[in-house]
Q: 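A single structure is presented below for examination.
These numbers come from the heavy atoms of this one structure, side chains and all, not from hydrogens, waters or symmetry mates. From a predicted model like this one, the values you see are computed outputs, not experimental measurements. Letters go in sequence order (proteins before strands), and every chain restarts at 1.
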Amino acid sequence: MSSKDVILDRIRAALGAGAETPEIPRDYRRGPAQVDLDLLVERLVDYKAVVHRLTAEKPDTGEPVAGGGVEGSGPQAGVGGARPLDDLDHLAEGRANAQVGVEAAAVRAAIAGILGAGTVVVPPGLPLEWLPDGVHGLVDDGLSAERIAAADGVVTAAAVAVVETGTIVLDASPDQGRRIISLLPDLHICVLRADQVVASVPEAVARLDPTRPLTWISGPSATSDIELNRVEGVHGPRNLHVILAGQ
Amino acid sequence: MSTFLGMPVHAPRGVGHLRGDESFPDAARTALGDSQLRRNLQHATTTIRGKSGRVIAELPDWQELRSAGSALKSYTMAHLPELLEQLEEKVTAAGGVVHWAADANEADRIVTDLVRAAGEQRVIKVKSMATQEIGLNEALEAAGITPVETDLAELIVQLGNDKPSHILVPAIHRNRSEIREIFLRAMPGVDPKLTDDPPVLAGAARRYLRETFLSTKVAVSGANFAIADTGTLAVVESEGNGRMCLTLPETLITVMGIEKLVPTWQDLEVFLQLLPRASTGERMNPYTSMWTGVTPGDGPQNFHLVLLDNGRTAVLADEVGRQALHCIRCSACLNVCPVYERTGGHAYGSVYPGPIGAILSPQLTGVADNASLPYASSLCGACFDACPVKIDIPSILVHLRNQAPHPRTEAAVMAAAAYTMDHPRLYRSAQRAAKLSRIAGRRGRGLPPPLNGWSASRDLPAPPKETFRDWWRNR
Amino acid sequence: MRIALFVTCLADTMFPAAAKATVLLLERLGHEVVFPEEQTCCGQMHINTGYQKDALPLVKRHVKTFEPYDVVVAPSGSCVGSVRHQHAMVAGADAGLAARASAVAARTYELSELLVDVLGVEDVGAYYPHRVTYHPTCHSLRVLRVGDKPVRLLRNVRGLDLVELPAAEQCCGFGGTFSVKNADTSTAMLADKMRHVLDTGADVCTAGDASCLMHIGGGLSRLRTGVRTVHLAEILASTEA
Ligand code: SF4
């Protein structure tokens, strides 16, 4: 008798005549609810991500919203020259290609403000025009772990973000790449479009495809292991910058 | 023979960490005298209670989520055979290999064989209760394989030659200056100028483990959730060591209790809201990784899932006690428990401490092997209120006490008391006798053993002149 | 209203003042109190110590004794808790008994519940000129969920200076036989409870359970703190005269 059969037999014996099967009450909030981007920014910042909003109305406000860049972070200068975005309706149709609706010049300026110069790993599907002059994009075509770890940062797009929890989810699409690239560098710059943002966890779960590898990120790497206080910065990227495009 | 094999059995003795060397009261006595431990625990549990309370208050539907979580777990238990087979089918279809382990010995053997087959001498581990439960590190070491714990708290415990004392924060009993000393003493290559500033301590762990992450080819993990209808596994963590273990190695071995299942992908929407707020008191923990089998070109290309029984089916066989299998290991019940806050986790003797440990360990091992644990509670009920999946821990404690072996004298006293109380006339004379003996002998200040533990630190009230009953009659 | 008193074995034997106060208070409010003399103990100590078999005759006795009454009151949160949450379970396979136990349980109230929910009074006309702090015992708080009913009653007592107890919802460490089997841990919990009580500067610590008060009072007395424990019923029964 295999252990599988042993265990399944034991379970059946344990349940005997059968355990009761309750109705699952789903009267918790499942959405869809209004997306409040200001709250998303607040929640991201609360968990020490640095947020750069590319707003359409106020093209000159590229000031990063306060956050706690930990050690190793580049200068956090303002972002200049953000301009009105392209037609957003067009984006609402779900999985649009990352570059659609994101003003490359604005992203470039934001990244320049974060990093200045250096080498960043980029997934194969990321628009290279997002990178400013002076920032070299190392396209991941199966790079070794050592080369990824040695880069100054990584730039990815995102799949979904959750307002209520300040969470960004990557699903390994071509503009987000393999899981390893957003893990080893100490700086992760994530470009997020407003139409990817949902209000709550249930709405995010509904949008995601579980057969893809998913990484839910809420702030930079942290630990609560020392006296149960949250301290940023252990093994993952210690600096998380979110560039939020659209409104 | 098959009937015998197919009956639920308890976790075997001689392997793993479910049984302590001392009874709870004895172990607790030692812990209570450790003033540093008391201060560390009080500080940590007070902090986490405050944080958790604040983020739970942000959700208007917390109670609805708890009810959904509780119902989902009951549903899962009722359909466990089908759901496990569905999980196996999905994981296999996605390129993973599923193994079934009837107990700790079998699970240890499966994992050891897999590491050997990969030709490796070292594995990196992400914190997992299941692998602690089965004593996997000891089994690997016996086979010449070095397990490296990568979770900061586990690393503190491993480097300090210590034992974990909390589900979520195994080094909760250590404060920052103790951690600094452990690192200075036991962490190879550590900066001798290390301070006790938490970010500095975290940075030391980052440097220490980086090379190990990059060069180790096999990782062992646990799982927080396994989704039956998709074959997806989820690990919830903070530091990124989990992501390292789940992403960098060539081979990933995940050991998971059979109760960790969730029926559908959608159900995760409930647990991903309950777990972080109840456990670390965060809206969401920094990292959650989810994977389904093997993804070509991304992450480990060999994935093994070990499904562990080790006494869980025996828990399932108890209609009242089976609720303990609903546990999502958030540790909220530990953090609110007045007993845990004072004794810490080591006193419970098992890897599962606190209120959940007091109901889970005795059921996994059989109550006789952990007979003092169901009594390690004042039944104050704080755990039940805190539990995100509404496990009625106090009721299960009472239920298990009813199964526990009782000391012979106590049983005799209890039977006599019950008999007396079922006979009002005897009861009345006993009331008078109790009163007289105290007036005559002990001036209301002491009690005979075994009750003297009580009167050691408390005065008995002065005996009343008359019982209520007498007053009523004479009114 | 005709109200049956479930005195509880502890109040009957050790704390008759709390039971007498319950009677006098309800009579002062114009109700008739009866005391069914066949009652002894609800069996809670047996149940919580793991002796359900021994508790069964006590549950039967309790049900039979109180079945004839429409309203039952006890000056104890934990005994009412046992009646409400444990009796039917102890009856177990005896479905008839379980149903009868549930019916009795549904008509059984802790004192503050009876006053506020059933009788609709929050001002019982009491007078008690002392500085008082209130400990919400675990079973009143988390099993019965009496909420702030006792505090509402206390706020209406003339002359009473109510001071809030820090970390009030933490267990005092009694827990029945817990305080014997785990005497050290119980004492550690008690030490913190006493510290909080002393921090309030109150002369009196009150609660709705004689058992917890025996525990807290025993500790306060041993340390000669001068702070007394007084059952809620006694405070509510006090008048100026
Ligand atoms: S029993 Fe409940 S509160 Fe305790 S660890 Fe498990 S899920 Fe969390």
Q: Which atoms of B/E237 come close to chain A, meaning under 4.5 Å heavy atom to heavy atom: side chain ones, backbone ones, both, or neither?
A: neither
Q: Looking at chain B, which one of A/P213, A/A13, A/S3, A/P210 has the largest number of heavy-atom pairs inside 4.5 Å, strictly under?
A: A/P210
Q: Answer yes if the side chains of B/S279 and B/S331 hold a donor-acceptor pair under 3.5 Å, and no otherwise.
A: no
Q: So for B/I179, is it side chain, backbone, both, or neither that comes closer than 4.5 Å to the heavy atoms of chain A?
A: side chain
Q: Can you check whether A/L192 reaches A/L40 side chain to side chain, under 4.5 Å on heavy atoms?
A: yes
Q: Given A/R147 and A/D140, is the salt bridge (charged side-chain N to carboxylate O under 4.0 Å, His left out) satisfied, shown in steps?
A: CA-CA 10 Å; A/R147 286 195 74 194; A/D140 175 37; over 6 Å; no
Q: Where does A/T167 contact chain B at under 4.5 Å (heavy atoms): side chain, backbone, both or neither?
A: side chain
Q: With a 4.5 angstrom heavy-atom cut-off, is it the side chain or the backbone of B/I258 that approaches chain A, or both, or neither?
A: side chain
Q: Can you tell me how far apart CZ (B/R66) and CD (B/E64) are? Round to the nearest 0.5 Å.
A: 11.0 Å
Q: Which region of A/L240, side chain (C-beta onward) or backbone (N, CA, C, O), has a non-hydrogen atom less than 4.5 Å from a non-hydrogen atom of chain B, or is it both or neither?
A: neither
Q: In plain terms, say whether A/R53 and A/D38 are close enough for a salt bridge, that is, a side-chain N and a carboxylate O under 4.0 Å apart.
A: yes
Q: Give, as side chain, backbone, both or neither, the part of B/L248 having an atom under 4.5 angstrom from any heavy atom of chain A.
A: side chain
Q: If you round to the nearest 0.5 Å, how far is CG of A/L15 from CE of B/M77?
A: 9.5 Å
Q: Just how far is it from atom CG of A/D225 to atom CD1 of B/I172, taken to the nearest 0.5 Å?
A: 9.5 Å
Q: Does CZ in B/R210 sit with more than 12 non-hydrogen atoms of other residues, nucleotides or ligands closer than 6.0 Å?
A: yes
Q: Under 4.5 Å, heavy atom to heavy atom: which of residues 21-34 of chain A reach chain B? Give them by number, or say none.
A: A/T21, A/P22, A/E23, A/I24, A/P25, A/R26, A/D27, A/Y28, A/R29, A/R30
Q: For A/A172, is it the side chain, the backbone, both or neither that has a heavy atom under 4.5 Å from a heavy atom of chain B?
A: side chain
Q: Using a 4.5 angstrom heavy-atom cutoff, name the option from A/S182, A/S2, A/A145 with the most pairs to chain B.
A: A/S182
Q: Would you tell me whether A/D175 and A/S173 have side-chain atoms, one donor and one acceptor, within less than 3.5 Å of each other?
A: no
Q: Which one of B/H166, B/M290, B/Q63, B/R312 has the most heavy-atom pairs closer than 4.5 Å to chain A?
A: B/M290
Q: Return yes if a side-chain donor-acceptor contact under 3.5 Å exists between A/Q176 and A/T156, otherwise no.
A: no
Q: Between B/T292, B/L316, B/D318, which has the largest tally of heavy atom pairs under 4.5 Å with chain A?
A: B/L316
Q: What part of A/V234 gets closer than 4.5 Å to chain B, counting heavy atoms only: side chain, backbone, both or neither?
A: both
Q: I'd like to verify something: which residue of B/L59, B/T47, B/L268 has the highest number of heavy-atom pairs under 4.5 Å with chain A?
A: B/L59
Q: Can you measure from CG (B/L72) to OG (B/S67) and round to the nearest 0.5 angstrom?
A: 10.5 Å
Q: Please determine, among A/V169, A/T223, A/V162, the option with the most heavy-atom pairs under 4.5 Å with chain B.
A: A/T223
Q: What residue, out of B/A102, B/G297, B/G240, has the most heavy-atom pairs lying under 4.5 Å from chain A?
A: B/A102
Q: Chain B: which of A/T211, A/V231, A/I11 shares the most heavy-atom pairs with it under 4.5 Å?
A: A/I11
Q: For B/T295, is it the side chain, the backbone, both, or neither that has a heavy atom closer than 4.5 Å to a heavy atom of chain A?
A: side chain
Q: With a 4.5 angstrom heavy-atom cut-off, is it the side chain or the backbone of B/N40 that approaches chain A, or both, or neither?
A: neither
Q: Do A/V201 and A/E164 come within less than 4.5 Å of each other through their side chains, counting heavy atoms only?
A: no
Q: Which residue out of A/L184, A/L183, A/I180, A/D46 racks up the most heavy-atom pairs below 4.5 Å with chain B?
A: A/L183
Q: For B/D103, is it the side chain, the backbone, both or neither that has a heavy atom under 4.5 Å from a heavy atom of chain A?
A: neither
Q: What residue, out of A/I7, A/T215, A/L170, has the most heavy-atom pairs lying under 4.5 Å from chain B?
A: A/I7
Q: Heavy atoms only, distances under 4.5 angstrom: which of B/E154, B/Q273, B/K90 has the most pairs with chain A? Name it, please.
A: B/Q273
Q: What part of B/L65 gets within 4.5 angstrom of chain A, counting heavy atoms only: side chain, backbone, both, or neither?
A: both
Q: Mind checking the CG-CD1 spacing from A/L44 to A/I217? Nearest 0.5 Å is all I need.
A: 11.0 Å
Q: Which distance, rounded to the nearest 0.5 Å, do you find between the CZ of B/F225 and the CH2 of B/W265?
A: 11.5 Å
Q: Hey, mind stepping through A/D186 and B/R206 against salt bridge (charged side-chain N to carboxylate O under 4.0 Å, His left out) and telling me if it holds?
A: CA-CA 11 Å; A/D186 208 12; B/R206 178 185 173 94; 3.0 Å; yes
Q: How are the rings of A/H241 and A/H52 set relative to one another: parallel (under 30°), tilted (30 to 60°) or perpendicular (over 60°)?
A: parallel
Q: Search all heavy atoms of A/P220 against all heavy atoms of A/A49 and return the closest pair with its distance.
A: CD-N, 4.1 Å
Q: Do other residues, nucleotides or ligands put more than 12 heavy atoms under 6.0 Å from B/E319 CD?
A: no
Q: Do you know which of B/T247, B/T76, B/N335 has the most heavy-atom pairs with chain A at a distance under 4.5 angstrom?
A: B/T247
Q: Given that the side chain runs from C-beta out, which part of B/A204 has a heavy atom under 4.5 Å from chain A: side chain, backbone, both or neither?
A: neither
Q: Can you say whether A/D5 sits under 4.5 Å from chain B via the side chain, the backbone, both, or neither, judging by heavy atoms?
A: neither
Q: Grab the two heavy atoms, one from A/H235 and one from B/N241, that are nearest each other, plus how far apart they are.
A: CD2-CB, 3.5 Å
